[in-house]
Amino acid sequence: MKNRRTTNMLERFFFISCFILLCGCKQEKKEIFPNQTTVNRTSIQYANGFEIQNQSNGITIIKVLQPWANAETTYTYALVPKEIQATITLNKSEYDAIISTPVENIVVTSTTHIPALEELGVLHQLIGFPDTKYISSKAARNRINSGAIVELGVNESLNTEAVLALQPNLIFGFAINDGNSTYETIQRAHIPVVYNGDWVEETPLGKAEWIKFFAPFFNKTKEADAAFNKIEESYLEAKKLASEVENKPTVLSGAMFNDVWYLPGGKSWAANFLNDANADYLWSSTDENGSLSLSWESILDVGQHAEYWIGPAQLATYQEMEASSQHYTQFDAFKNRKVFSTANTKGETGGTLYYELGPQRPDLVLKDLIHILHPGLLPNYEPYFFKPLL
């Protein structure tokens with residue numbers, strides 16, 4: 001299809017796409033290794049943005065196929081175990097970076113990267129982050145407060161002096177295009193930047209599967225597979241439960257910004273959640289995999305009588321909604337107090353937990369929606385992200 005990348009850029013991105021936590025390729029590269037006999041591909045079932053090749057000589061090749069939306073560039077990284085590094089010769093021009101593994105200390109640039117590091121047990125190797133106030137993870141906040149994770153400015157203009165002082169083994173970068181001059185400066189200082197495109201994935205399990213992307217850098221492939229398998233099983237069980245209900249409640253989404261109503265396109269990450277929750281999302285037939293930009297009149301025409309309103313951007317209370325626009329009061333979901341938002345689930349410094357953890361735990365997002373849309377299916381479930389407006 002929900003993040004981040006300047007982190008505050010991702011907050012703005014998600015605001016405009018309203019809950020969407022939302023190639024022409026360069027010439028194919030040829031990997032030539034001494035004594036290579038076989039190539040095994042790591043199983044990637046749902047994600048479309050990367051692939052992993054495990055060479056018989058111990059080298060892992062990671063290809064990022066879609067680092068950002070509509071990318072015209074792909075990236076190829078060679079991961080070389082330290083114990084065989086002295087015996088391997090690679091042509092540097094064939095790769096965007098050659099990285100010794102396991103890496104020991106890193107910088108990441110999106111809050112969506114944090115949960116994967118926690119799950120893999122390598123959060124202690126994170127030494128820097130841009131705009132740390134957006135991080136909600138309690139474990140990460142403890143490390144921020146102790147000074148173990150250094151503030152690095154904002155993603156589009158990282159504090160290069162601070163980065164160079166830290167000397168991380170690599171940076172996991174987030175970008176919306178290939179125009180980040182700060183990354184270029186850092187790479188010239190021989191610090192690799194590895195692009196992560198998890199936010200471009202359209203499906204809930206596709207985003208979550210990016211935990212497998214991080215794993216080879218830390219020699220944690222088995223741990224990543226085990227973690228993802230649990231998430232997948234939980235998600236598919238919830239989806240099956242919802243599919244057995246005959247009633248499909250109608251759903252409205254999004255909110256207005258500068259007189260334009262932004263809401264998830266029919267093939268977006270958010271819309272896929274609603275479909276898997278067995279809801280009738282009223283814009284599900286649209287082809288967009290990002291956000292739709294419509295007039296409020298057209299939204300009223302289609303969605304005035306929708307039973308539920310899921311994800312009204314960052315609006316957190318009915319009073320705030322009414323103050324923002326009187327148009328909202330014309331919708332049945334507003335009148336009947338059936339509006340649900342992630343805006344009231346925040347970390348201690350104000351970061352929205354949904355943007356950070358939701359992409360990694362789509363099973364929790366789906367269960368939230370099932371609990372809301374099909375009362376009684378999960379009677380003892382406590383919603384994690386989506387709560388009723390105040």
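Reckoned from all heavy atoms, side chains included, excluding hydrogens, waters and symmetry mates.
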Side chains of [X] and [Y]: closer than 4.5 Å at any heavy-atom pair?
| X | Y | answer |
| --- | --- | --- |
| V103 | F172 | no |
| M321 | W309 | yes |
| L152 | L166 | yes |
| P216 | I52 | yes |
| F213 | I44 | no |
| T342 | L353 | no |
| I106 | F217 | no |
| E232 | Q45 | yes |

Mind checking the [atom1]-[atom2] spacing from [X] to [Y]? Nearest 0.5 Å is all I need.
| X | Y | atom1 | atom2 | answer |
| --- | --- | --- | --- | --- |
| L366 | L274 | CG | CG | 9.5 Å |
| Q330 | S325 | CD | OG | 8.5 Å |
| L79 | Q55 | CG | CD | 11.5 Å |
| Y134 | T111 | OH | OG1 | 10.0 Å |
| N48 | T203 | CG | OG1 | 7.0 Å |
| Q314 | S324 | CD | OG | 12.0 Å |

I'd like to know if the side chain of [X] reaches the main chain of [Y], judged simply by a donor and an acceptor atom lying under 3.5 Å from each other, with no hydrogens or angles considered.
| X | Y | result |
| --- | --- | --- |
| D301 | E297 | no |
| N229 | D225 | yes |
| D287 | G266 | no |
| K207 | G358 | no |
| S253 | I310 | yes |
| E356 | S137 | yes |
| N344 | A316 | yes |
| D96 | T76 | yes |
| N159 | G153 | no |
| Y77 | Y195 | yes |

Which pair of non-hydrogen atoms, one from [X] and one from [Y], has the smallest distance, and what is that distance?
| X | Y | answer |
| --- | --- | --- |
| E307 | P249 | OE2-CA, 3.3 Å |
| L315 | S341 | O-OG, 3.3 Å |
| A78 | Y95 | CB-CD2, 3.9 Å |
| H113 | T109 | ND1-N, 3.6 Å |
| V80 | Q85 | CG1-CA, 4.0 Å |
| A277 | L373 | CB-CD1, 4.1 Å |

Legend entry - Pair T345-K387, side chain to side chain contact (heavy atoms under 4.5 Å, CB included): steps then yes or no: CA-CA 8 Å; T345 309; K387 308 289 177 63; 3.6 Å; yes
Inset, instruction - Check step by step if side chain to side chain contact (heavy atoms under 4.5 Å, CB included) holds for E237 and D363. - result: CA-CA 9 Å; E237 285 179 355; D363 56 322; over 6 Å; no
Check this for me: [X], atom [atom1], are more than 12 non-hydrogen atoms of other residues, nucleotides or ligands nearer than 6.0 Å?
| X | atom1 | value |
| --- | --- | --- |
| N247 | CG | yes |
| E83 | CD | yes |
| N70 | CG | no |
| Q304 | CD | yes |
| Y384 | OH | no |

Parallel, tilted or perpendicular: which fits the ring planes of [X] and [Y], with parallel below 30° and perpendicular above 60°?
| X | Y | result |
| --- | --- | --- |
| W210 | F50 | tilted |
| W283 | Y281 | tilted |
| Y308 | F340 | tilted |

Legend entry - Y328: which of Y318, W296, W261 passes ring-ring contact (aromatic ring centres under 6.0 Å, His included): W261
Inset, instruction - Indicate if V107 and L164 have the same hydrophobic cluster label, given that clusters are the connected sets of ILVMFWY residues with side-chain heavy-atom separations under 4.5 angstrom. - result: yes
Legend entry - I372 with L390, same ILVMFWY side-chain cluster at under 4.5 Å: no
Legend entry - Residues which pass side chain to side chain contact (heavy atoms under 4.5 Å, CB included) with D332, listed by chain and number, not counting sequence neighbours: H305, K335, N336
Legend entry - K212/T221 under side chain to side chain contact (heavy atoms under 4.5 Å, CB included): CA gap, chis, key distance, verdict: CA-CA 7 Å; K212 297 180 181 180; T221 296; over 6 Å; no
Inset, instruction - Could you go through the side chain to side chain contact (heavy atoms under 4.5 Å, CB included) check for E348 and N145 one step at a time? - result: CA-CA 12 Å; E348 65 179 72; N145 294 336; 4.1 Å; yes
Tell me yes or no: between the side chains of [X] and [Y], is some donor less than 3.5 Å from an acceptor?
| X | Y | result |
| --- | --- | --- |
| D276 | Y235 | yes |
| S234 | K367 | yes |
| T132 | E151 | yes |

Legend entry - Presence of salt bridge, E104 and K82, under 4.0 angstrom: yes
